[in-house]
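The structure appears below as structure tokens.
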Amino acid sequence: MRQQATDVAAAIDRVGAARGAPEDTDWARRVAAALLIADVLEARVVEALEEAAAQVSDAGEPAQTLLGDPDEWVAEHRSRWREEGTEQTAAPTAVRRDLVIETLIIASLYSGLFFVYELITWSWSDPFTLAGLAAPLALAVTSRAVEATFTAARARRSHPGGVIAAVLVGAVGVAVTVGTFAVGNGIVLGPRAPLGALGAMVGYGLLAWIVAQLWREQPRRAGTHEPLSDDEWLAALGSALRTRGDMTDARIATVLAEAKEHAQDAGRSLPAEFGPPRAYAQRFEEDRAVRARRTAWLTTAGAVGVLCYNVITALDGTPSLWGGLWLLVSAIIAALSWRTVRELR
């Protein structure tokens, strides 16, 4: 009897060891990458790779020949898991440690963008101010807060509710960032802005690493697994469906009503009839058109924001070539997003 692999790396090695062929290892890596990018649970990834290893070992044929293209094989597995009601992804959770580390990493990335901007605008003579140090952190906090607020409000309420909540939080964050620039631009920390931005990028990245080393990740507590009532099950299903991000609120309401009606007709409770709510939520095929349309609206909103920035700078008498290029790029991204929407109709 084969020993079960304990993690993804071990499962990949097991596929490669089935025939001792490097190409099978490459095939397994592509499968694992496709599943992990889709946020599939590690246990499901290991399960799929173990199955592939067993088939390759029994048949003695290359994985590509026996099982086909990795992406197609992954799609078939995910479709089968949906039909079986197997839970594929875990509920999104926000841990304070992760929020802090991610915020510092984002601040490092923003500082890197500031550094690039200072280089391409040849700002070697500009001083490095407190704004150059604090603004990346303010932007990072705003970005992370907007994402966390949207995710939580969407899961609890609706997609429009999540958007409204995120916009309100974003407005506060933008105001704080503008205030940071207003106050910090007058406080000089160093003679060279590019070097200061580079130092901030390295510093925030190093700080994120230090926090990760000192603030150890705590093991997740196991749930109580108490039986859900029908109302609790419906609430959990609604949250799971909204978290997917590819179903309209009207469609979700229909799914909830149909599940409730079906369970009543069967004379059984919802948990007994359909199993875990998250697993049931993952049975439905992805609606790429809904996801694409929401992405298109998001990119359009971004382009409108950049347009407003350019209008303000023009009225202020300080138009920027970089602002115009930024507007062009954002407009192209929005146009491509809407083209994807048309192709999916």
(request) Determine, using the 4.5 Å side-chain heavy-atom cutoff (strictly less than), whether Val74 and Leu67 are members of one ILVMFWY cluster. (result) yes
(request) Find out if a path of hydrophobic residues (ILVMFWY) with successive side-chain heavy-atom gaps under 4.5 Å connects Phe284 to Leu270. (result) yes
(request) For the residue pair Glu285 and Ser79, establish whether any side-chain heavy-atom pair is separated by less than 4.5 Å. (result) yes
(request) Flag yes if more than 12 heavy atoms outside Arg157 fall under 6.0 Å of its CZ atom; otherwise flag no. (result) no
(request) Give a yes or no on whether the backbone of Gly16 and the side-chain of Trp27 come within a donor-acceptor separation of less than 3.5 Å. (result) no
(message) Strictly distance-based, threshold 3.5 Å: is any side-chain N or O of Ser108 a donor or acceptor partner for the main-chain N or O of Leu104?
(response) no
(request) Please report the closest heavy-atom contact between Leu99 and Thr103, naming both atoms and the distance. (result) O-OG1, 2.7 Å
(message) For the CD1 atom of Ile101 and the CD1 atom of Ile106, what is their distance to the nearest 0.5 Å?
(response) 12.0 Å
(request) Answer yes or no: is there an ion pair linking Arg30 with Asp69, defined by an N-O contact shorter than 4.0 Å? (result) yes
(request) Treat each ILVMFWY residue as a node, draw an edge where side-chain heavy atoms are under 4.5 Å apart, and state whether Trp209 and Val211 are in one component. (result) no
(request) Could you tell me whether a side-chain N or O of Trp215 sits under 3.5 Å from a main-chain N or O of Ile210, the two making a donor and an acceptor? (result) no
(request) Can you see which heavy atom on Ala18 is nearest to which on Val56, and at what distance? (result) CB-CG1, 3.8 Å
(message) I'd like to know if the side chain of Thr129 and the backbone of Ile187 have a donor-acceptor N/O pair within less than 3.5 Å.
(response) no
(request) Could you check if a side-chain atom of Arg78 sits within less than 4.5 angstrom of a side-chain atom of Leu35, using non-hydrogen atoms only? (result) yes
(request) Kindly indicate whether the side chain of Trp233, heavy atoms from C-beta on, has any atom under 4.5 Å from the side chain of Glu273. (result) no
(message) With a 6.0 Å cut-off (strictly less than), is the heavy-atom count around CH2 of Trp297, excluding the residue itself, greater than 12?
(response) no
(message) As a quick check of understanding, evaluate side chain to side chain contact (heavy atoms under 4.5 Å, CB included) for Leu49 and Arg14, giving each step before the final call.
(response) CA-CA 8 Å; Leu49 291 173; Arg14 196 173 293 279; over 6 Å; no
(message) Donor-acceptor check, side chain of Arg244 to backbone of Ala281, threshold 3.5 angstrom: yes or no?
(response) yes
(message) Would you say Trp322 ends up clustered with Val116 if hydrophobic residues are merged whenever their side chains have heavy atoms under 4.5 Å apart, either directly or through other cluster members?
(response) yes
(message) When you measure from the side chain of Ser57 to the backbone of Ala53, do you find a donor-acceptor pair of N or O atoms at a distance under 3.5 Å?
(response) no
(request) Applying side chain to side chain contact (heavy atoms under 4.5 Å, CB included) between Phe114 and each of Leu198, Leu139, Leu119, report the one that passes. (result) Leu139
(message) For Lys260 and Asp230: C-alpha separation, side-chain torsions, deciding distance, then whether side chain to side chain contact (heavy atoms under 4.5 Å, CB included) applies.
(response) CA-CA 8 Å; Lys260 185 176 181 178; Asp230 281 359; over 6 Å; no
(request) Measure the shortest side-chain to side-chain distance between Pro70 and Gln64 over non-hydrogen atoms and say whether it is less than 4.5 angstrom. (result) yes
(request) Check for a donor-acceptor pair, side chain of Arg97 on one end and backbone N or O of Ala212 on the other, with a separation under 3.5 Å. (result) yes
(message) Distance check, rounded to the nearest 0.5 Å: Arg291 atom CZ versus Arg294 atom CZ?
(response) 8.5 Å
(message) Do Leu307 and Val311 have side chains that approach each other closer than 4.5 Å (heavy atoms only, starting at C-beta)?
(response) yes
(message) Could you check whether any side-chain N or O of Tyr280 sits under 3.5 Å from a backbone N or O of Pro271, counting only pairs where one atom can act as donor and the other as acceptor?
(response) no
(message) I need the Thr300 OG1 to Trp338 CH2 distance, nearest 0.5 Å.
(response) 5.5 Å
(request) Working to the nearest 0.5 Å, report the span between CG of Asp249 and CZ of Arg242. (result) 7.0 Å
(request) Could you pull out the closest heavy-atom pair between Ala48 and Trp73, with the gap in Å? (result) O-CH2, 3.2 Å
(request) Return the minimal non-hydrogen interatomic distance between Ala166 and Phe150, and the atom names on each side. (result) CB-CB, 3.8 Å
(request) Would you check if the side chain of Asp24 reaches a backbone N or O of Gly20 as a donor-acceptor pair within less than 3.5 Å? (result) no
(message) To the closest 0.5 Å, what do you measure between OG1 (Thr142) and OH (Tyr110)?
(response) 8.0 Å
(message) Tell me if the CZ atom of Arg80 is crowded by more than 12 foreign heavy atoms within 6.0 Å.
(response) yes
(message) Please check: side-chain N/O of Ser337 versus main-chain N/O of Ile333, any donor-acceptor pairing under 3.5 Å?
(response) yes
(request) Could you check if a side-chain atom of Pro191 sits within less than 4.5 angstrom of a side-chain atom of Phe128, using non-hydrogen atoms only? (result) no
(request) Write down the atom of Leu256, the atom of Gly238, and the distance for their closest heavy-atom approach. (result) CD2-N, 3.9 Å
(request) Compute whether any side-chain donor of one residue and acceptor of the other, for Glu147 and Thr151, lie under 3.5 angstrom apart. (result) yes
(request) Verify the cluster assignment for Ile105 and Leu133: are they in a single hydrophobic cluster under the rule of side-chain heavy atoms below 4.5 Å apart? (result) yes
(request) Please report the shortest heavy-atom distance between Ala259 and Phe274, naming the atom on each side. (result) O-CE1, 3.4 Å
